[in-house]
Amino acid sequence: MQFVDAAPGATPEARLDAAEAHALREAGRAWTDFPAADSVDPDLRGHERRGTLPGDRYVRGVRPRRQGFQPVAPGMLQATAEASAPPTGIAHLMHRLRHALIGAPLASSQAVHERLTRVKALAVLSSDALSSVAYATEQILVVLVTAGAVAYGALLPIMGATLALLAVVVLSYRQTIKAYPHGGGSYIVASDNLGHLAGLVAGCALMTSYTLTVAVSVASGVDAIISAAPEIEGLRVQLCVAFTLVLLLGNLRGIRESGNLFAAPTYLFVAGMMVMVVTMGVRLATGSLHGAPPQVAHVTQSLTIFLVLRAFASGATALTGVEAISDGVPAFKPPEWVNARTTLTTMGVLLGIMFLGITLATHALGVVPEDPTRPGYETVISQLAHSAFGSGLGYLYIAVTTTGILVLAGNTAFSDFPRLLFFMARDDYAPHQFKRLGDRLAYSNGIVLLAALAVLLLVGFHGDVSRLIPLYAVGVFTAFTMSQAGMVARWLRRREPGWQRGLPLNILGTVTCATVLLVTGASNLTRGAWIIVVIVPLLVLTCRAVNRHYREVGSYIATETPMAPGDVHIVCVVPIAGLNSVAMQSLALARGISDTVIAVHVSDNLQEIADLRARWQAWGNRVPLEIIDSPYRSLVRPLLSYVAAIQRQRHDATVVVVLPELVATRWWHQVLHNQSALRLKAALLFRPGIVTVNVPYHLRPLEPVRHRTHHEDEAL
């Protein structure tokens with residue numbers, strides 16, 4: 001695509017490509033015979049107007065600032081906060097309530113101040129990954145102990161393999177962040193290097209992954225609460241929904257403020273885990289804490305390589321959330337990609353240390369997971385905290401911070417899910433509503449959608465982590481695999497500096513992630529993973545349908561819509577109920593729009609028709625009146641058929657239906673009218689080539705009756 005010169009001082013057309021600039025110039029020539037009127041001042045500059053009282057001289061008019069606008073440059077106004085707020089009524093009250101919950105609106109110029117520092121970004125974008133140590137070791141053991149105590153020895157090799165996978169993924173994403181400094185999530189990397197279909201698969205898998213992130217983290221947090229207080233088991237689902245709503249409100253306040261709100265629990269959890277691991281290590285070394293052989297009550301399977309692979313796949317849930325930082329590069333303060341890489345490395349080191357310490361302590365103490373359906377069920381982390389601190393303040397600290405980080409781990413998804421939808425909407429694969437920034441410079445529509453989907457999952461699966469986990473890893477490792485494969489394709493195609501070192505690492509990452517994906521999918525297919533296998537292709541098909549619609553819209557607008565005033569030939573059709581002030585107002589407007597105006601009256605009452613003809617004749621028959629006798633008492637259908645007939649007769653014209661509409665003074669007055677205009681407008685909305693113009697006629701409340709005084713009677 002060839003662009004015209006954009007040197008300093010060049011015309012605004014320099015921002016366009018040559019073909020588009022030429023097409024616009026040709027379209028603009030058709031407007032030369034239709035000069036613009038200058039009866040109003042679009043810049044709203046101060047003006048003088050005559051007063052309304054006798055003897056008034058000219059008085060100064062209202063300045064733009066007082067009307068809700070601030071002049072910026074000729075032809076440009078800036079709306080103030082007053083212009084963006086509803087003035088009165090229920091809308092104003094809702095506006096105030098929203099601000100009380102999520103804060104006052106932020107101007108677009110404040111976006112640069114909403115960026116995250118490394119400290120806040122680690123809390124916001126890494127809480128999911130860091131929190132996974134609270135359940136990753138337990139998920140490995142849940143699989144292993146089905147084969148009895150003999151399988152317990154596989155815990156340490158699986159731990160080593162998981163740490164190696166973590167190192168590979170972190171190093172790979174460091175390369176991805178450098179290659180895509182403006183955001184390098186799986187969707188972007190796969191789309192750029194493997195094609196749009198591969199990008200859609202990665203993006204849709206990520207959508208399911210982020211939704212499950214919220215559901216799993218919140219359900220795990222509620223598990224931790226129930227471990228400490230088993231008597232509230234019956235409130236599991238209600239607590240899950242409540243915590244999701246807390247996350248929703250926190251993230252609607254904006255990414256920086258959510259970082260302020262949620263940073264403390266993340267760092268308190270990391271500190272607590274470190275202290276707990278060190279305490280257990282010291283107590284084991286000094287002999288004040290002793291390990292015991294694992295006690296496995298029921299053996300249901302034999303130890304096989306498939307069982308070990310399945311346990312490894314379950315433990316790989318510790319890697320969930322690693323992608324979030326590469327997705328969220330634009331949220332960092334400059335230099336974005338440098339800060340993102342540093343934060344990713346810090347997250348990987350902290351995650352590795354905590355996972356290593358917790359798994360080693362679990363193995364040394366012989367801790368086994370309890371049956372989650374048993375009353376008083378205690379998580380592995382809770383058992384370790386009891387071993388380290390007893391039942392005192394230390395245990396309470398671990399219980400509270402673990403609950404906090406598990407609940408807030410969903411904050412990572414709330415940061416990245418809306419941004420993913422923004423990228424997909426930018427490419428016309430998701431509704432354009434997801435490109436819109438909300439009051440607090442956050443993608444509010446995506447945040448609300450994520451909360452709604454997570455609530456549906458939590459209610460549908462009753463907040464049961466063991467039922468949600470099998471669905472979790474499939475989407476995560478699908479995205480990982482597509483991202484790694486995309487980087488392999490990029491290295492091979494571009495041969496950029498450092499590709500000899502980066503290529504083997506990304507090949508290893510692709511093979512490893514694909515292996516985990518296959519094992520996870522195969523082992524959990526009958527345990528719920530089939531849902532993700534079905535949902536992701538359906539989402540891909542939906543995204544392609546959305547894209548097809550946007551392409552059709554662009555094609556239709558470019559080829560079918562008249563773009564010059566001389567190409568528009570208007571025929572106005574005005575449906576009327578009678579010749580009253582409402583109808584006359586609509587007819588006058590229609591006559592101002594076009595010379596061709598037809599009034600249409602539909603009725604089955606011959607007396608009513610005769611009366612209207614008499615009034616029309618007395619009025620002077622200024623506009624042709626067409627009477628449609630409707631013996632079946634239908635109103636909307638005959639009108640639609642008549643408009644379609646006019647459209648067929650004048651296929652070169654634009655049919656404008658001018659709809660008179662009565663607007664009552666009270667909302668409940670609406671039910672006292674038949675809303676014919678509303679029904680007709682709704683029916684015409686889907687008719688191509690027809691324009692509807694609504695002419696509201698506002699009723700005024702009656703003046704209160706005032707009785708004349710005695711002196712007024714005498715004057716009369």
Side-chain angles (χ1 to χ4, degrees), residues 115-130 132 161-194 202 206 209 270 316 318-356 412 415-416 419-420 423 476-477 479-514 516:
R115 301 289 190 91
L116 296 174
T117 62
R118 296 177 188 176
V119 173
K120 289 182 180 178
L122 185 64
V124 172
L125 300 177
S126 301
S127 55
D128 178 25
L130 296 176
S132 63
T162 304
L163 289 173
L165 178 61
L166 172 64
V168 169
V169 171
V170 168
L171 291 173
S172 299
Y173 272 112
R174 278 178 55 88
Q175 296 183 155
T176 302
I177 290 172
K178 185 176 181 180
Y180 292 90
H182 301 294
S186 295
Y187 168 73
I188 293 177
V189 176
S191 297
D192 188 35
N193 299 289
L194 303 176
L206 270 180
S209 167
V270 171
L319 275 67
T320 57
V322 172
E323 155 116 358
I325 292 178
S326 67
D327 259 333
V329 173
F332 283 83
K333 286 184 177 295
E336 292 87 348
W337 72 272
V338 174
N339 289 329
R341 273 169 56 111
T342 303
T343 305
L344 177 65
T345 305
T346 304
M347 181 270 294
V349 171
L350 289 175
L351 176 58
I353 291 173
M354 289 191 294
F355 179 67
L356 175 67
T412 298
S415 299
D416 280 350
R419 191 172 287 109
L420 169 65
F423 290 134
V476 173
F477 280 95
F480 282 179
T481 303
M482 302 302 289
S483 177
Q484 298 298 315
M487 286 301 296
V488 170
R490 179 188 174 96
W491 290 129
L492 291 174
R493 188 176 75 254
R494 298 194 179 187
R495 305 295 176 99
E496 296 170 321
W499 72 273
Q500 296 95 337
R501 298 189 306 275
L503 181 61
L505 187 61
N506 285 121
I507 291 175
L508 178 61
T510 304
V511 172
T512 309
C513 291
V516 175

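Values below: every heavy atom of this structure, side chains too, minus hydrogens, waters and symmetry copies.
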Revision key, fill the gap. In this structure, CG of Leu130 is separated from CE of Met354 (nearest 0.5 Å) by 4.5 Å
Practice item. Evaluate the criterion side-chain contact (heavy atoms from CB on, under 4.5 Å) for residue pair Leu350 and Leu122; output intermediate values, then yes/no. Key: CA-CA 11 Å; Leu350 289 175; Leu122 185 64; 4.1 Å; yes
Study note, to complete from the structure: Between the CG atom in Asn506 and the CG atom in Leu171, the distance rounded to the nearest 0.5 Å is 10.0 Å
Point to revise | Heavy atoms from other residues, nucleotides or ligands near NZ of Lys178 exceed 12 (cutoff 6.0 Å) | key: no
Check your understanding: Is it true that a side-chain atom of Thr510 and a backbone atom of Ala485 form a donor plus acceptor pair closer than 3.5 Å?
Key -> yes
Exercise for review: Would you mind reporting whether Asn339 and Pro335 have side-chain heavy atoms less than 4.5 Å apart?
Suggested key: yes
Review point. Do you know which two heavy atoms are closest between Gly502 and Gln175, and how far apart they sit?
Key: CA-OE1, 3.1 Å
Exercise for review: Examine the side chains of Glu323 and Ser483 and answer whether a donor and an acceptor come within less than 3.5 Å of each other.
Suggested key: no
Review point. Considering only heavy atoms from C-beta outward, does the side chain of Ser126 approach that of Ile325 to under 4.5 Å?
Key: yes
**Study point:** Ser326 side-chain N/O to Tyr173 backbone N/O, donor-acceptor pair under 3.5 Å
**Key:** no
Review point. What is the distance from atom OG1 of Thr343 to atom CG of Leu116, rounded to the nearest 0.5 Å?
Key: 9.0 Å
**Study point:** Val322 vs Phe480, side-chain contact (heavy atoms from CB on, under 4.5 Å): CA-CA, chis, key distance, verdict
**Key:** CA-CA 9 Å; Val322 172; Phe480 282 179; 4.2 Å; yes
Check your understanding: Please walk me through it: do Thr342 and Arg118 pass side-chain contact (heavy atoms from CB on, under 4.5 Å)?
Key -> CA-CA 8 Å; Thr342 303; Arg118 296 177 188 176; 3.6 Å; yes
Point to revise | Candidates Arg115, Arg341, His182 - the one meeting side chain to side chain donor-acceptor pair (under 3.5 Å) with Glu336 | key: Arg115
Review point. Any donor and acceptor pair, going by atom type alone, linking the side chain of Ser191 with main-chain N or O of Ile188 inside 3.5 Å?
Key: no
Check your understanding: Nearest 0.5 Å, what's the CG-CZ distance between Leu125 and Phe332?
Key -> 5.0 Å
Check your understanding: Taking side chain as C-beta onward, heavy atoms only, is Val124 less than 4.5 Å from Thr412?
Key -> no
Review point. Looking only at heavy atoms, what is the nearest atom pair of Leu166 and Gly348, with distance?
Key: CD2-O, 3.8 Å
**Study point:** From Met487 atom CE to Trp499 atom CH2, the distance as rounded to the nearest 0.5 Å
**Key:** 13.5 Å
Review point. Does some side-chain heavy atom of Val476 sit less than 4.5 Å from a side-chain heavy atom of Leu319?
Key: no
Study note, to complete from the structure: Contacts of Asn193 meeting side chain to side chain donor-acceptor pair (under 3.5 Å) (sequence neighbours excluded), chain-then-number -> Tyr180, Arg493
